K.L.:
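Handing you this structure, nothing more for now.
Given the structure is predicted, the values throughout are model-derived calculations rather than measurements.
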Amino acid sequence: MLNVLITGAQGHVGSALQQLLDSRQYRILTTDIDEMDITNHDQVAQYMKINRPDVIINCAGFTDVEGCEKDPDKAYLVNAIGVRNLAEAAEEINAKFIQISTDDVFNSKAERPYNEFDETSPKSVYGKSKLAGEKIVTQLCNRFVIIRSSWNYGIGKDFVDELLSAVGKKETFNVAQNRYGVPTSTKEVAKVIQHFIDHDEYGIYHAVCKGSCNRYEFAQAILEYTGNADKIKL
């Protein structure tokens, strides 16, 4: 039975993983900031020495794009230094390290889907801090998987939740029409992660659902599927 650690377990991907992984097949360890602050090197090292997971899945991160712009120090602390602490600990105990990343490591100018070999060139502090985390993983770990995804939605606060909250409050919801991406269910991301838990495959991978749209089209689809198409002004 593999010991699998999920950091950031209360977030979107972490919650989806806990629902998916069978406790009869894996010994699942979960932490969030209250149990282990990934930015605290000593806390991370001590936790790993005691629990010695076979696989570490880092779902923790500072993902508030606007928040990262306002507080870049926190963005790099969580998305880069925190990743470094986990990566060092993973290498120390010979654990496989799975890092959840983002399409924001690209510049969003391509007219086709990005692939794993495209050059990264993030524009936002969030994207830059996540790319810094990726580079640290590739430098420190021998057995690593980096999974880049896009517009994840699931359990917890996200674009879907914010939109439906605005519906409940009968507020106008401002949506950009020039931002494109691929809405991706965290349930599907969790399935991809499980594949890498179970198989000796390593490297950088993109994991998104099919299709693409802009934020406005995404919002329209959400309202339509939830029966709220006429209840809010976009």
K.L.:
Can you list everything that forms a side chain to side chain donor-acceptor pair (under 3.5 Å) with E201? Sequence neighbours excluded, please.
P.N.:
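Partners of E201 under the side chain to side chain donor-acceptor pair (under 3.5 Å) test: H195.
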K.L.:
Are L77 and V44 connected into the same hydrophobic cluster when the rule is that any two of I, L, V, M, F, W, Y join if their side-chain heavy atoms are below 4.5 Å apart?
P.N.:
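Result: no, two separate clusters.
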K.L.:
To the nearest 0.5 Å, what is the distance between OG (S15) and NZ (K187)?
P.N.:
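If we round to the nearest 0.5 Å, S15:OG and K187:NZ are 11.5 Å apart.
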K.L.:
Residues two or more places apart in sequence or in another chain: which of them pass side chain to side chain contact (heavy atoms under 4.5 Å, CB included) with L2?
P.N.:
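So L2 forms a side chain to side chain contact (heavy atoms under 4.5 Å, CB included) with V4, Y26, D54, I197.
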K.L.:
Under the side chain to side chain donor-acceptor pair (under 3.5 Å) rule, collect the residues that match up with R148, sequence neighbours excluded.
P.N.:
E134, H206
K.L.:
Rounded to the nearest 0.5 Å, what's the gap from CD1 on I28 to CG on L21? Could you check?
P.N.:
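So the CD1 of I28 and the CG of L21 are separated by 4.5 Å.
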K.L.:
Could you check whether any side-chain heavy atom of E91 comes within less than 4.5 Å of a side-chain heavy atom of E88, counting everything from C-beta outward?
P.N.:
no
K.L.:
Among residues at least two apart in sequence or on other chains, which ones pass side chain to side chain donor-acceptor pair (under 3.5 Å) with S185?
P.N.:
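By the side chain to side chain donor-acceptor pair (under 3.5 Å) rule, S185 matches no residue at all.
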K.L.:
Side-chain heavy atoms under 4.5 angstrom apart, residues restricted to Ile, Leu, Val, Met, Phe, Trp, Tyr: same cluster for V160 and L223?
P.N.:
yes
K.L.:
Determine whether a donor-acceptor pair (N or O, by modelled atom type, separation under 3.5 Å) exists between the side chain of S129 and the backbone of V125.
P.N.:
yes
K.L.:
Judged by atom type as modelled, is there a donor-acceptor pair below 3.5 Å linking the side chain of Q25 to the main-chain atoms of M1?
P.N.:
no
K.L.:
So, the side chain of T184 versus the backbone of S150: is there a donor-acceptor pair under 3.5 Å, distance only?
P.N.:
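Yes.
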K.L.:
Should F144 and M48 be regarded as members of a common hydrophobic cluster, given that ILVMFWY residues are connected when their side-chain heavy atoms come within less than 4.5 Å of each other, either directly or indirectly?
P.N.:
yes
K.L.:
Please assess K74 against D64 for the test salt bridge (charged side-chain N to carboxylate O under 4.0 Å, His left out), listing each intermediate value before the final yes or no.
P.N.:
CA-CA 11 Å; K74 180 180 178 180; D64 181 345; over 6 Å; no
K.L.:
Identify, with sequence neighbours excluded, every residue that meets side chain to side chain contact (heavy atoms under 4.5 Å, CB included) alongside N58.
P.N.:
T7, I38, A60, V83, L86, F97, Q99
K.L.:
Measuring only between side-chain heavy atoms, which start at C-beta, is Y47 closer than 4.5 Å to L29?
P.N.:
yes
K.L.:
Given Y153 and F159, is the ring pair (Phe, Tyr, Trp, His ring centres under 6.0 Å) satisfied, shown in steps?
P.N.:
CA-CA 7 Å; Y153 62 88; F159 182 79; over 10 Å; no
K.L.:
Within the supplied structure, the quantity of interest is the number of heavy atoms (other residues, nucleotides, ligands) at a distance under 6.0 Å from Q43 CD; does it exceed 12?
P.N.:
yes
K.L.:
Within a reach of under 6.0 Å around CD of E119, are more than 12 heavy atoms found that belong to other residues, nucleotides or ligands?
P.N.:
no
K.L.:
Restricting to salt bridge (Lys or Arg N to Asp or Glu O under 4.0 Å), what partner residues turn up for D22, sequence neighbours left out?
P.N.:
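With sequence neighbours excluded, D22 shows a salt bridge (Lys or Arg N to Asp or Glu O under 4.0 Å) to R24, given in chain and number order.
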K.L.:
Using ring pair (Phe, Tyr, Trp, His ring centres under 6.0 Å), reason through F196 and Y205 one step at a time and then give a plain yes or no.
P.N.:
CA-CA 10 Å; F196 288 110; Y205 298 87; 4.6 Å; yes
K.L.:
Where the side chain of S101 meets the backbone of I146, is there a donor-acceptor pair that is under 3.5 Å apart?
P.N.:
no
